[in-house]
Protein chains: 2
Amino acid sequence: MEISYTEENYLKAIFKISEQDGKPASTNAISSEMNTSAASVTDMIKRLSDKTLIHYERYRGVTLTKRGEQIATHLIRKHRLWEVFLVDKLHFSWDEVHEIAEQLEHIKSQRLVERLDEYLAFPKFDPHGDPIPDADGNFAIRKQALLMDFQPGEQGIVVGVQDHSTTFLQYLDRMELVLGTPVELLEYFEYDESMRILINQKREQVLSKKVCQNLFIQKR
Amino acid sequence: MEISYTEENYLKAIFKISEQDGKPASTNAISSEMNTSAASVTDMIKRLSDKTLIHYERYRGVTLTKRGEQIATHLIRKHRLWEVFLVDKLHFSWDEVHEIAEQLEHIKSQRLVERLDEYLAFPKFDPHGDPIPDADGNFAIRKQALLMDFQPGEQGIVVGVQDHSTTFLQYLDRMELVLGTPVELLEYFEYDESMRILINQKREQVLSKKVCQNLFIQKR
DNA sequence: ACTATTTTTTAGACTAACTTAAAAATATAT
DNA sequence: ATATATTTTTAAGTTAGTCTAAAAAATAGT
Ligand SMILES: [Mn+2]
Ligand SMILES: [Mn+2]
Ligand SMILES: [Mn+2]
Ligand SMILES: [Mn+2]
């Protein structure tokens, strides 16, 4: 059965919401994620349900079926592989690639994904530190924590971001807090919940609460 | 103004027909190229005309405006660059790439095209020997002729194909008549218009009329 | 338990892109 | 020149995806 560009985006939205909230995706949550009206969502829900891509009970929210989830994770796989391609091969910066990958993820060719994966040397994470699911939809798991939850003295390396906005990514570039950078929490200021950290074992920097809440660090 | 995926394909079809026939594209020619009904074409012609992408007089056929032609050549540019990528970098064979490039040509990102072009070292021809237009829509010209029109004794190298079908491309692979192969016309048989040629200065081969009509050779 | 608020669905309507069937215009052939 | 054939357009209708406004159901607050 053919799945349209739009249907694919709805499946991806439902996957994202379910993952974030840990419960069925509500009509409003989907409409907000998709920037469409709630009525349009109800409409699409019927279509996806007819195609057995989602489980749906009215007023109860939706969850993906096995097949729906497989399509969603495959889209995420393609999205993230293309982001790796754009950054590693075409030298885009990490704040420029998402929009293009949003288009590229819809290219339909099983063989293309496999060849691309191989060409990129089977990457496990994308340029933002997000895991790239394998062909079966399994995501690599990594023990990571928000800088927010660190105690003074603890060390680690930057491995990902919660916020994917251009402004945040450019801010991190400016602070030389790219993926792989070693950091150590020196001091926590209760007053504004900011933190003083040591970047790359040589430069001290105070980071705001907002920044600390959006930076994933792998402890060492 | 936004141009849809479908509108892009119509512009490309009109460009192709005008180029082939050297005259305005008729409704029927477009419907045949697009695999849609003539009525659908008339419908779309109105939309494209409203957007000033084509010149249109009813019952007279259509031609592209400057802007319409610019969009069409830019699509061809992207299509052929992606084909080079697929063959050169992802090691697809030349008979597998067209379908995927049909999708990739619609990815919208000026910067992506530029980076891709650079990454591929600014190729001037695609894997089928077709010229890749530059950013201004100018095609490289190469003096080439169909093998059909050669005289016994003349030599040259294979530089392109007229027929892009999978079966023809696979036939050429089998005959080791890939792009760049030196050939010499040894003998012409009037009976069935077939030709005996020397491939790569070592192997003799008889080619049918149909093959000779679809193979572009650059004389030397 | 009832009322008020929020969420979701239904109803009705629009656009892009498509179809078939019929009508109109153009081209061709004697 | 007129009849015939071909091409193109018009008319009417379908589907996917969208919208706004109104109705219905579920949730929350006292
Ligand atoms: Mn992304
Ligand atoms: Mn990413
Ligand atoms: Mn092609
Ligand atoms: Mn080609």
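In what follows, chains are A, B, ... by sequence order, proteins preceding strands, each numbered from 1.
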Enumerate the protein-to-nucleotides 23-26 of chain D contacts in which both atoms are nitrogen or oxygen and the separation is below 3.5 Å.
from: D:dA25; atom 1: O4'; to: A:Tyr59; atom 2: OH; distance (Å): 3.2

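- Between the side chain of B:His128 and the backbone N or O of B:Trp94, at least one donor-acceptor pair lies under 3.5 Å.
- Using cut-offs of 30° and 60° for the angle between ring planes, the A:Phe85 and B:Trp82 rings count as tilted.
- Contact check, B:Asn28 against D:dT6: no side-chain N or O comes under 4.0 Å of OP1 or OP2.
- A:His79 and A:Glu83 share a donor-acceptor pair across their side chains, judged by distance under 3.5 Å alone.
- Listed pair A:Thr6 / D:dA16 fails the phosphate criterion, with no side-chain N or O lying under 4.0 Å from OP1 or OP2.
- Close to D:dG17, at under 4.0 Å from its OP1 or OP2, lies no side-chain N or O of A:Thr36.
- Within the structure, the salt bridge (charged side-chain N to carboxylate O under 4.0 Å, His left out) test picks out the following pairs touching residues 96-109 of chain A (sequence neighbours left out): A:Glu8-A:Lys108, A:Lys12-A:Glu102, A:Lys12-A:Glu105, A:Glu96-B:Arg111.
- In this structure, B:Glu2 places its CD atom 13 Å from P of C:dA16, rounding to the nearest Å.
- Between B:Ser37 and C:dC18 there is no side-chain polar atom (N or O) within less than 4.0 angstrom of OP1 or OP2.
- Residue A:Asp21 contributes atom CG, which lies 15 Å from atom C1' of C:dT7 at whole-angstrom precision.
- Using a 4.0 Å heavy-atom criterion, one finds that A:Thr42 contacts the bases of the nucleic acid, with or without backbone contacts as well.
- Defined by atom type and a distance below 3.5 Å, a donor-acceptor pair is present between the side-chain atoms of B:Ser194 and B:Asp192.
- For the OP1/OP2 pair of D:dT7 and a distance below 4.0 Å, the side-chain nitrogens and oxygens of B:Ser26 include no atom meeting the criterion.
- Across all strands shown, A:Tyr5 has no heavy atoms under 4.0 Å from either base or sugar-phosphate atoms.
- Side-chain N/O atoms of B:Lys46 include one lying less than 4.0 angstrom from OP1 or OP2 on D:dT10.
- Straight-line distance from the CE atom of B:Met34 to the C1' atom of C:dA16: 13 Å, rounded to whole Å.
- Phosphate proximity of C:dA17 to B:Ser4: present, with a side-chain N or O under 4.0 Å from OP1 or OP2.
- At the phosphate of C:dT9, OP1 or OP2 sits under 4.0 Å from a side-chain N or O atom of A:Tyr56.
- At least one test fails for A:Arg142 against the ring of A:Phe216: distance under 6.0 Å to the centre or angle within 45° of the axis.
- Across the protein-nucleic acid pair, A:Asp43 atom CG and C:dA13 atom C1' stand 12 Å apart, rounded to whole Å.
- Note on residues 39-51 of chain B: pairs passing salt bridge (charged side-chain N to carboxylate O under 4.0 Å, His left out), not counting sequence neighbours, are B:Glu7-B:Lys51, B:Asp43-B:Arg47.
- With rounding to whole Å, A:Ile3 atom CD1 is found 17 Å from D:dG17 atom C1'.
- B:Ser40 comes within contact range of at least one nucleobase, with a heavy-atom separation under 4.0 Å.
- Using a distance-only test at 3.5 Å, with no hydrogens or angles considered, a donor-acceptor pair links the side chain of A:Asp134 to the main chain of A:Asp136.
- Summarising the geometry, the separation between CD1 on A:Ile30 and C1' on C:dT7 is reported as 13 Å, rounded to the nearest angstrom.
- If you take CZ of B:Arg47 and C1' of C:dT15, they are 9 Å apart, rounded to a whole angstrom.
- The NZ-C1' distance, from A:Lys23 to D:dT27, rounds to 13 Å in whole Å.
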